Amino acid sequence: MADNKILYEIEKLRKEIRRYDYLYYVLNKPEIADYEYDQLLKRLDLLEKQYPEYQTPDSPTQRVGGKASPTFNPVKHSIPMLSLDNTYSEEEFKDWYERVEKGLNGEYPEFVVELKIDGVSANLIYENGILVTGATRGDGETGEDITPNIKTIRSIPLRLMIDNPPSYLEVRGEVYMEKKGFLDLNKKMSEIGEPLFANSRNAAAGSLRQKNPKITAERPLKFLVHSLGNISGKEFANHWEFMKFCNKIGFMTDPNTRVSRSINEVIKLHRLMEEKRDTIPFEIDGIVVKVNSIKHQKILGFTAKSPRWAVAFKFKAREATTRVNNIRAQIGRTGIITPVADLEPVEISGVTVSRATLHNFDEIKRLDVMIGDTVLVERAGDVIPKVVKVIETKRSGNEKPFPVPTECPVCHNPITKEKEEEVAYRCINPSCPAQIEKGLFHFGKRAAMDIVGLGDVVIAQLVRNKTVKTFADIYALKKDDLFKLELFKDKKTQNLLDAVEKSKKQPLSRLLFAFGIRHVGEKAAWVLAEKFGNMDKLIPATFEDLTSINEVGPIMAQSIVDFFSQDSVKKLIKQLKDCGVNMAEPKKEKKSQPLAGKTIVLTGELKSFSRNDAEKKIREFGGNPTSSVSKKTDFVVAGEDPGSKFEKAKGLGVKIISESEFLKLINSRTTS
């Protein structure tokens with residue numbers, strides 16, 4: 001009886017404290033004094049220490065606990081956390097709207113408009129209403145486990161405020177600091193002699209990656225939900241319905257969020273929020289516009305990098321005036337020469353800017369910018385600094401013009417334009433170290449041509465010795481070439497030559513990724529290879545051909561067209577062909593496709609394959625590997641220690657098979 005009374009008091013205290021946390025940190029409507037709140041928390045902490053068997057991970061006392069962690073473990077997202085495409089003007093936004101309308105066959109969509117907070121993306125997973133995982137966005141596919149730090153953020157509920165929570169819920173949002181909290185933190189850092197944070201976003205990111213959660217708990221972090229990752233047992237008709245559900249279960253959402261029924265309404269909201277920007281308590285750099293209907297979102301789908309149904313509509317960039325101390329020519333990996341202005345350091349939107357791009361030499365001519373000029377500088381999209389215009393009234397007469405250079409700033413060979421109508425000047429020397437070293441390192445990576453032993457140190461020596469000038473030269477290497485390198489003996493030399501020879505057999509998808517085409521990652525390379533089959537069919541593909549592919553958006557399509565239109569690329573491909581490098585994607589067996597048309601999810605640790613190899617096997621036998629479980633999933637392959645996908649599959653009634661059953665399935669094919 002005594003134990004029941006203690007448990008009752010503990011549960012009552014937890015419920016009260018959760019309610020006061022919600023009122024204070026989410027609704028900003030406190031009902032009790034800080035002292036009274038502290039007394040409740042102390043009483044709960046005392047009872048849990050006296051009766052540790054009643055302690056639970058979702059208790060308010062567990063917001064800060066545990067030891068400092070030396071590392072952050074990787075967390076694979078069930079659904080990729082894609083980035084948004086950006087628009088910077090009303091004209092660009094109208095273009096996006098027209099693409100949406102076209103994708104919906106002329107149907108008029110409804111939009112949800114949210115503020116674009118300048119914070120750090122985070123992914124939260126709840127199982128049966130309890131917070132179990134908090135992770136960073138990472139590369140979109142895999143983030144870092146920061147659960148102990150996430151738990152310290154008071155606006156994040158440790159337990160959802162609902163009697164019958166979903167068995168699985170994954171929400172995405174932004175961790176941020178309000179302007180006042182950021183200023184207070186920097187004041188404190190200054191007082192203790194620590195370096196100051198450049199802006200609130202950097203402060204939020206640095207606070208989330210603290211190895212000791214007690215330090216994170218001292219930082220004024222907040223969290224706003226903006227997206228659904230995954231959910232079991234519940235569906236939403238639209239995004240607005242999801243946001244209302246989040247409010248109901250204890251999350252904070254932005255009160256400025258609105259539903260708009262026309263493009264003109266959205267543009268008016270954009271103008272209004274840009275005017276009110278400085279009155280918002282946290283930093284924003286635009287609005288996010290989302291198609292409201294989930295049905296419409298599914299119709300529009302995704303490119304390999306971004307959803308087609310959402311876009312960031314940025315505000316005009318922040319500006320400042322400063323002096324151009326010098327102008328330098330800088331060379332990129334593709335050989336393009338870009339003029340860069342060295343500036344008298346100036347602060348723009350909380351960031352100290354000392355360099356700005358001038359884009360190209362036509363832009364220098366248009367701006368009439370010279371060394372010594374006073375210029376207006378902006379951070380385009382609040383990120384990349386650029387020179388906007390010259391303040392001619394500030395000229396003294398001592399300014400110096402900067403002519404187009406006649407040679408590459410790195411290798412000192414001549415530069416030229418490939419076509420007169422182009423604005424870009426290029427270094428035409430294939431041995432230019434600024435290009436070839438970076439390109440070769442990417443070319444030989446495991447996910448690309450997988451040339452084991454071709455590391456950055458080896459590449460640097462090969463380039464310095466002028467043994468390798470292009471990718472194709474890798475395939476002409478001889479033992480004598482490698483014996484000249486440091487620490488190269490018979491075995492190491494033969495191993496590298498064997499790896500080079502083996503790489504010739506890599507499929508087209510690997511070669512495309514190895515080229516380092518801008519905006520084309522591993523997945524996009526595989527999609528292109530599957531669609532076109534061989535290099536000869538891909539090279540002449542038009543912008544229209546490429547954008548007709550579901551996973552390829554307009555930015556990626558233009559990048560691919562531009563890449564293959566270069567004479568230097570066509571020459572390189574011929575050289576690679578002459579060296580015997582494979583230019584085709586293996587065809588799937590038509591008569592032995594046991595997984596044809598099947599959507600398959602992998603979970604847990606597999607003994608027979610790595611995750612990547614298992615996904616390749618699924619594709620090889622006609623299936624489609626995906627990262628998230630839904631009603632459309634045909635079956636889940638469960639290895640050892642399966643995670644939340646296993647539980648979700650059970651909840652949805654999706655078929656689950658073991659690794660051994662999967663092996664039997666793919667080995668049961670008949671030979672043809």
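The shown structure was predicted, so the numbers you read here are calculated from the model rather than taken from an experiment.
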Derivation of the side-chain hydrogen bond (donor to acceptor under 3.5 Å, both in side chains) call for Thr542 and Asp545: CA-CA 5 Å; Thr542 64; Asp545 294 333; 3.0 Å; yes

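- Looking only at side-chain heavy atoms (C-beta outward), Leu511 and Met583 come within less than 4.5 Å of each other.
- At distances below 3.5 Å, at least one donor-acceptor pair connects side-chain atoms of Thr322 with backbone N or O atoms of Glu344.
- A salt bridge links Lys574 with Asp578: the closest approach of a Lys/Arg side-chain nitrogen to an acidic carboxylate oxygen falls below 4.0 angstrom.
- The side chain to side chain contact (heavy atoms under 4.5 Å, CB included) check on Asn202 picks up Ala198, Asn199, with sequence neighbours excluded.
- Heavy-atom minimum distance, Ser559 versus Ile517: OG-CG2, 3.9 Å.
- Salt bridge Lys316/Glu274: absent, no basic N to carboxylate O contact under 4.0 Å.
- Formation of a donor-acceptor pair under 3.5 Å by the Arg277 side chain with backbone atoms of Ile284 is found in this model.
- In this structure, the side chain of Gln297 engages the main chain of Val291 through a donor-acceptor pair within 3.5 Å.
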CA sep, side-chain torsions, deciding dist, call: Ser509, Glu585, side-chain hydrogen bond (donor to acceptor under 3.5 Å, both in side chains): CA-CA 7 Å; Ser509 53; Glu585 191 73 6; 3.2 Å; yes

CA sep, side-chain torsions, deciding dist, call: Asp473, Thr467, side-chain contact (heavy atoms from CB on, under 4.5 Å): CA-CA 8 Å; Asp473 290 338; Thr467 306; over 6 Å; no

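- The line from CD1 of Ile267 to CD of Glu90 is 5.0 Å long, rounded to the nearest 0.5 Å.
- For the residue pair His77 and Gly140, the shortest heavy atom distance occurs at CD2-O, 3.4 Å.
- Counting heavy atoms from C-beta outward, Met273 and Val113 have side chains that stay 4.5 Å or more apart.
- Residue pairs meeting the salt bridge (Lys or Arg N to Asp or Glu O under 4.0 Å) criterion with at least one partner in residues 391-403, sequence neighbours excluded, are Asp368-Arg395, Asp373-Arg395.
- Residues forming a side chain to side chain donor-acceptor pair (under 3.5 Å) with Gln330 (at least two apart in sequence, or on another chain): Arg355.
- Distance check: Asp118 CG to Glu174 CD gives 8.0 Å after rounding to the nearest 0.5 Å.
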Chi angles and distances behind the side-chain contact (heavy atoms from CB on, under 4.5 Å) call for Leu512, Phe563: CA-CA 11 Å; Leu512 292 176; Phe563 180 80; over 6 Å; no

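- Legend: residues meeting ring pair (Phe, Tyr, Trp, His ring centres under 6.0 Å) with His359, ordered by chain and number and at least two apart, are absent.
- Interatomic distance, CD of Glu530 versus CG of Leu508, reported as 9.5 Å (0.5 Å rounding).
- Qualifying side chain to side chain donor-acceptor pair (under 3.5 Å) partners for Gln494, counting only residues two or more places apart in sequence or in other chains: Lys479, Asp498.
- Under the 3.5 Å distance criterion, the side-chain polar atoms of Lys504 are matched with a main-chain donor or acceptor of Cys579.
- Looking at Trp526 and Pro507, their side chains never come closer than 4.5 Å, going by heavy atoms from C-beta outward.
- Note: Leu538 CG to Leu528 CG = 6.0 Å, rounded to the nearest 0.5 Å.
- Side-chain N or O atoms of Asp481 include none that pairs as donor or acceptor with a backbone N or O of Leu477 at under 3.5 Å.
- A distance of 9.5 Å separates CD1 in Ile371 from CG in Asn325, rounded to the nearest 0.5 Å.
- A heavy-atom distance below 4.5 Å is found between the side chains of Thr87 and Phe313.
- Aromatic ring pairs are classed by plane angle as parallel below 30°, tilted from 30° to 60° and perpendicular above 60°; the pair Phe443 and Phe471 is parallel.
- Smallest separation of non-hydrogen atoms from Pro385 and Val353: CB-CG1, 3.6 Å.
- Looking only at side-chain heavy atoms (C-beta outward), His442 and Phe515 stay at 4.5 Å or farther from each other.
- A perpendicular orientation is assigned to the rings of Phe302 and Trp309, their planes being inclined by more than 60° (bins at 30° and 60°).
- Qualifying salt bridge (charged side-chain N to carboxylate O under 4.0 Å, His left out) partners for Glu141, counting only residues two or more places apart in sequence or in other chains: Lys76.
- With sequence neighbours left out, the side chain to side chain contact (heavy atoms under 4.5 Å, CB included) criterion links Lys365 to no other residue.
- You'll find the side chain of Leu115 reaches within 4.5 Å of the side chain of Phe282, heavy atoms only.
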side-chain contact (heavy atoms from CB on, under 4.5 Å) between Leu572 and Val569, worked out: CA-CA 5 Å; Leu572 172 62; Val569 170; 5.5 Å; no

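- Applying the side chain to side chain donor-acceptor pair (under 3.5 Å) rule to Ser503 yields the partners Tyr475; only residues at least two apart in sequence or on another chain are considered.
- A donor-acceptor distance shorter than 3.5 angstrom exists from the side chain of Arg201 to the backbone of Gly119, with no hydrogens or angles considered.
- The shortest side-chain heavy-atom distance between Lys505 and Asn582 does not fall under the 4.5 Å cut-off.
- Using a 4.5 Å heavy-atom threshold, the side chains of Tyr176 and Ser200 count as separate.
- Residues Gln558 and Asp562 have side chains that bring a donor and an acceptor to within less than 3.5 angstrom of each other.
- Applying the side chain to side chain contact (heavy atoms under 4.5 Å, CB included) rule to Leu367 yields the partners Leu358, Glu363, Val369, Val387; only residues at least two apart in sequence or on another chain are considered.
- Of the possible donor and acceptor atoms, none in the side chain of Glu437 sits under 3.5 Å from a partner among the backbone N and O of Val463.
- Other residues, nucleotides and ligands contribute more than 12 heavy atoms inside 6.0 Å of the NZ atom of Lys492.
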Please list every donor-acceptor pair under 3.5 Å in which a side-chain atom of residues 93-101 meets a protein atom from a residue at least two apart or in another chain.
unit_1	atom_1	unit_2	atom_2	d
Trp96	NE1	Arg308	O	3.4
Tyr97	OH	Glu101	OE2	3.1

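- Side-chain atoms of Lys179 come within 3.5 Å of backbone atoms of Ile280 as a donor-acceptor pair (strictly under, hydrogens ignored).
- For residues 493-512, there are no ring-ring contact (aromatic ring centres under 6.0 Å, His included) pairs, not counting sequence neighbours.
- Closest heavy-atom contact between Ser207 and Met177: OG-CE, 3.5 Å.
- Atoms CE and CG, on Met449 and Leu454 in that order, are 11.0 Å from each other to the nearest 0.5 Å.
- Listed here is the closest heavy atom pair of Ile331 and Cys408: CD1-SG, 3.7 Å.
- Across Ile436 and Thr470, no two heavy atoms sit closer than the pair CD1-CA, 3.8 Å.
- Judged as a side chain to side chain donor-acceptor pair (under 3.5 Å), and not counting sequence neighbours, Lys268 has no contacts.
- Judged by distance alone, with hydrogens and angles left aside, the side-chain atoms of Ser306 form a donor-acceptor pair with the main-chain N or O of Ser83 at under 3.5 Å.
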